[in-house]
Amino acid sequence: MSDLPLDSAEVRERLAARVDPEALAWLDDVCARIAADAKELARHFPAAGRKLGRGPLDPDASPDDVHAWTIDDAGRVLMLVAAGDAAEGELDELYRFGDAAERRGILRALAYLPIGDRGLHIADDAVRSNDTRLIAAALGPYATAYMPDEAYDHALLKCVFTEVPITPLDGVPERVTPNASRMLAALVHERIAAGRDVPAEVWPVIELHPPAEELRAIEAELESPYEDRRAAAERALAKRKGAQPH
Amino acid sequence: MRIFEPHAHMTSRTTDDYEAMAASGVKVLVEPAFWLGQPRQYVGSFIDYFNSLLGWERFRASQFGIRHHCTIGLNPKEANDDELRKGVLEVLPRFLAKDGVVAVGEIGFDAMTKAEEEALVVQLEMAAEHDLPVLVHTPHRDKAAGTRRTLELVEKSSLPPERVLIDHNNELTVAEVLESGCWAGFSIYPNTKMDEHRMVRLLEEYGTERMIINSACDWGVSDPLKTRKTIDAMLAAGFTEDDVDKVAWQNPVDFFAQSGRLILDELGEPDMTATYEGNTLLRGEQR
């Protein structure tokens, strides 16, 4: 996502613009305690929402945008960053005992922590959930950097299933493999056979590596003996045309 | 009207649902072990869950005159957690030995990982060892490829295809599944998987042999009365009462009776014994 905070200093800057000085002072105090002893995370990490707020970090973002950071996400990222090298030892327990908001904060933070690929199991767990905000948060720059191709392909498909928009994903288009394009095209075919629709945004991703067999099967649906399948194929292919680069 | 609901996650449903299902004609149901929406973290959570499927849920159903059975297995999604996979697979045999466990399931693929495949293969063999059929969940994502891979693994296993029910089929998987000799299950959902009118079309196209319908109601948007609604759609489309009875009763009974663990006595179904004369497994349950 283009408007993703670049580093933790920028995260703090954005947060400072969104919360009152008292709340910011609370966060600074808590971060100092965590820096001295990472065990303090267990107590303060859950409090970020009630102390700082839960609205979007970007005042223009929609509260329904699952990709948008929230104010408490930013607070939790800063807490984990404050723990430095000691953050790694706390991550599993924080995640295990975390509610959805805390888990989202951890997922947002992964890219800012000195942990290499050793947080990948947490991102994988979140992708296995059905909570759209967790899935979206798991697929930030950390997943772009470390998630293996097969897992990323399936995560992308899972987004389409759970209605997480894929265009804003950090790893789209550079992490899209031919297998991901194929699976998305197979999904389009399956939906057409059911007389159903897919979001138009799958087409640019399919077109990155156009899978001949699946596309032929989709076009063949135009000749289906069933009216609803023909209609669904026409709608899908109209979206494809609309998505083609000019 | 007698309905055998072969796939309902009743743990997530209310007593109102049990009442409505009973009123719609459901006399027997099977609750497959699956995941609970949020990944579990401990093997102990599975043990408690399996025990509740065998105990509390059976009792709840009985309050409404419904005979509750379950399938026990490690679902593919949670099989991706290494510790859970090892731990749950280790305790499974204790549960597979129990009465009222009519299949191993739901097993199968979710994201088609190596861990999922390992759990699937191990559990296919466990089913053979415990003389149980299996209920296989096909993936919601990349379904056609996942179904194909599942059928390959079934063929390589020591299970004959007639002991395997491949569930959540759609227009693109049904032909291949029927060809393999496995049973084809269809989950009828309010918005997604399959609806009752598409189901009627598939029954017109592929017949009623080895075809099984279910509501797969769970904690998501789902409807425990979808099996009945599909029956109504079948009748409206000109299917006979016998066709309906085959799909909604006979087929699931035939499939799960292979476990020898269906408990269908006290159901007031006088024709049960007659239908299954010669099936020593079932007679063993009806002494």
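Residue numbering restarts at 1 for every chain, and letters A, B, ... go by the order of the sequence lines.
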Note to self: Checking side-chain polar atoms at under 3.5 Å, does B:S187 have a donor or acceptor matched by the opposite partner on B:H168?
What the structure shows: yes
Margin query: When you compare the side chains of B:H7 and B:E31, does any donor N or O come within less than 3.5 Å of an acceptor on the partner?
Written below: no
Checklist line | Carboxylate-amine/guanidinium proximity below 4.0 Å for B:K229 and B:E196 | finding: no
Next item on the list: Could you tell me whether A:E234 and A:K239 make a salt bridge, using a distance below 4.0 angstrom between a side-chain N and a carboxylate O?
Entry: no
Next item on the list: Flag the one option from B:Q38, B:E78, B:K143 with the top tally of heavy-atom pairs under 4.5 Å to chain A.
Entry: B:K143
With a 4.5 angstrom heavy-atom cut-off, could you sort out which part of [X] is near chain A: side chain, backbone, both or neither?
X: B:D81; answer: both
X: B:D142; answer: both
X: B:D195; answer: neither
X: B:R198; answer: side chain

Can you tell me which portion of [X] sits under 4.5 Å from chain B's heavy atoms? Options are side chain, backbone, both or neither.
X: A:R128; answer: both
X: A:H121; answer: neither
X: A:D153; answer: neither
X: A:L157; answer: both
X: A:R229; answer: side chain

Next item on the list: State whether the number of non-hydrogen atoms from other residues, nucleotides or ligands found under 6.0 Å of A:E163 atom CD is greater than 12.
Entry: no
Check: Could B:R149 and B:F109 be counted as a cation-pi pair, given that NZ or CZ must be under 6.0 Å from the ring centre and within 45° of the axis?
Finding: no
Next item on the list: Classify the angle between the aromatic ring planes of B:F34 and B:H137 as parallel (below 30°), tilted (30 to 60°) or perpendicular (above 60°).
Entry: tilted
